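Excluded from the calculations below are hydrogen atoms, water molecules and symmetry mates; all remaining heavy atoms, backbone and side chain alike, are included. Since the structure is predicted, the reported quantities are computational estimates derived from the model, not experimental observations.
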Amino acid sequence: FALLQQCSGCHGVLEQSQMDQVPNLAGQLKPYLVSQLEMFRSGERVDSTMNVMNEMASQLTDEHIDFFGAHFSLSSPKPSTVESVEVSASIVEIAKDTCFSCHSGQSDAVGPLIHGQKPQYILNQLEAFKSGKRTGEIMPSIMEDLEVEIFADLAKYIGAQAVPVE
């Protein structure tokens with residue numbers, strides 16, 4: 001329980017982060033959460049904007065990681081706190097066709113829920129994937145087709161979207 005309180009310091013008491021560079025965890029799928037915690041623990045995932053995660057995760061047992069995955073996945077995602085933004089039709093199309101096809105938050109989703117996520121966090125992750133600082137099985141090849149110039153608008157648009165209902 002003490003470890004869970006440590007999580008809330010950055011990720012929020014209700015898993016709704018108050019920090020722009022820290023993701024909301026409520027409603028994320030358990031397999032995604034478990035894999036990310038395991039990667040932070042092993043050092044496979046390193047993020048300079050969230051370097052505390054490696055230190056925190058290094059203290060976690062497999063049982064802790066399973067508990068956190070279950071806990072956060074069972075929490076209901078909160079409505080977006082980002083105001084809707086005007087973006088080009090091409091940004092909307094990219095978000096719907098490229099991003100939301102894998103990042104829906106539905107039980108068959110490949111990636112994490114990104115609707116209503118902090119735009120700065122999304123922007124940081126897009127830039128990390130594009131630069132190669134963050135790796136993965138799918139995102140690096142998707143990033144090859146996206147231009148850095150659209151990232152800010154794409155992140156704002158995604159952050160303003162309501163969490164889909166399954």
Side-chain angles (χ1 to χ4, degrees), residues 1-83 99-140 142-143 151 154-156 158-166:
F1 188 70
L3 287 173
L4 190 57
Q5 287 180 317
Q6 289 179 355
C7 297
S8 68
C10 294
H11 293 285
V13 176
L14 300 174
E15 296 82 40
Q16 185 76 16
S17 172
Q18 300 303 308
M19 301 165 69
D20 290 341
Q21 71 277 15
V22 177
N24 301 323
L25 298 180
Q28 294 293 350
L29 298 174
K30 181 180 177 182
Y32 173 76
L33 292 167
V34 167
S35 72
Q36 297 307 297
L37 285 171
E38 288 172 343
M39 287 193 300
F40 276 121
R41 179 174 67 182
S42 72
E44 183 180 343
R45 181 172 177 193
V46 177
D47 187 329
S48 62
T49 62
M50 299 185 300
N51 58 4
V52 70
M53 281 302 302
N54 296 100
E55 182 181 329
M56 299 285 286
S58 71
Q59 303 171 35
L60 302 178
T61 65
D62 288 344
E63 292 77 22
H64 289 128
I65 289 175
D66 187 67
F67 170 79
F68 290 136
H71 172 78
F72 294 121
S73 69
L74 294 173
S75 300
S76 296
K78 309 303 181 268
S80 174
T81 58
V82 179
E83 292 185 29
C99 305
F100 298 151
S101 62
C102 292
H103 294 278
S104 66
Q106 306 301 314
S107 58
D108 62 347
V110 175
L113 173 66
I114 57 175
H115 295 72
Q117 196 57 268
K118 303 289 183 184
Q120 186 61 53
Y121 173 75
I122 295 169
L123 179 60
N124 291 348
Q125 299 315 303
L126 290 171
E127 290 172 345
F129 277 119
K130 184 72 170 181
S131 70
K133 290 180 182 174
R134 185 165 177 196
T135 60
E137 294 177 24
I138 299 170
M139 286 298 293
I142 290 172
M143 298 311 293
F151 288 178
L154 186 59
K156 289 176 196 170
I158 291 169
Q161 300 310 297
V163 175
V165 178
E166 189 167 11

So, for [X] and [Y], which heavy atoms are closest and what is the spacing to 0.1 Å?
{"X": "His115", "Y": "Ala162", "value": "CD2-O, 3.3 Å"}
{"X": "Ser104", "Y": "Ala109", "value": "OG-CB, 3.7 Å"}
{"X": "Gly105", "Y": "Leu29", "value": "O-CD2, 3.9 Å"}
{"X": "Pro23", "Y": "Ser17", "value": "O-CB, 3.8 Å"}
{"X": "Met53", "Y": "Leu37", "value": "CE-CD2, 3.9 Å"}
{"X": "Val34", "Y": "Asp66", "value": "CG2-CA, 4.5 Å"}

From [X] [atom1] over to [Y] [atom2], what is the distance, rounded to the nearest 0.5 angstrom?
{"X": "Leu25", "Y": "Ser75", "atom1": "CG", "atom2": "OG", "result": "8.5 Å"}
{"X": "Cys7", "Y": "Phe72", "atom1": "SG", "atom2": "CZ", "result": "4.5 Å"}
{"X": "Gln161", "Y": "Leu113", "atom1": "CD", "atom2": "CG", "result": "11.5 Å"}
{"X": "His11", "Y": "Gln6", "atom1": "NE2", "atom2": "CD", "result": "11.5 Å"}
{"X": "Ile114", "Y": "Asn24", "atom1": "CD1", "atom2": "CG", "result": "12.5 Å"}
{"X": "Gln28", "Y": "Gln36", "atom1": "CD", "atom2": "CD", "result": "9.5 Å"}

Show your working on side-chain contact (heavy atoms from CB on, under 4.5 Å) between Phe129 and Thr135 and close with a plain yes or no. CA-CA 6 Å; Phe129 277 119; Thr135 60; 5.9 Å; no
Side chain to side chain contact (heavy atoms under 4.5 Å, CB included) involving Thr81 - partner list, sequence neighbours excluded: Gln16, Lys118
For Ile158 and Cys99, run side-chain contact (heavy atoms from CB on, under 4.5 Å): C-alpha distance rounded to whole Å, both residues' side-chain angles, the deciding distance at 0.1 Å, then the answer. CA-CA 9 Å; Ile158 291 169; Cys99 305; 4.0 Å; yes
Side chains of Phe40 and Met56: does their closest heavy-atom pair fall under 4.5 Å? no
Could you check whether any side-chain heavy atom of Arg41 comes within less than 4.5 Å of a side-chain heavy atom of Asp62, counting everything from C-beta outward? yes
Verify side-chain contact (heavy atoms from CB on, under 4.5 Å) between Leu60 and Phe68, making sure each step is shown before the conclusion. CA-CA 10 Å; Leu60 302 178; Phe68 290 136; 3.5 Å; yes
Taken in chain and number order and not counting sequence neighbours, the residues that satisfy side-chain hydrogen bond (donor to acceptor under 3.5 Å, both in side chains) with Ser131 are none
What residues, two or more places apart in sequence or in another chain, satisfy side-chain hydrogen bond (donor to acceptor under 3.5 Å, both in side chains) together with Asp20? none
Does Thr61 offer a backbone N or O that forms a donor-acceptor pair with the side chain of His64 under 3.5 Å? yes
Does Arg134 reach the main-chain N or O of Arg45 with its side chain, forming a donor-acceptor pair under 3.5 Å? no
Please report the C-alpha distance between Leu4 and Phe67 in whole Å, then the side-chain angles of each, then the deciding distance to 0.1 Å, and finally whether the side-chain contact (heavy atoms from CB on, under 4.5 Å) criterion is met. CA-CA 10 Å; Leu4 190 57; Phe67 170 79; 4.2 Å; yes
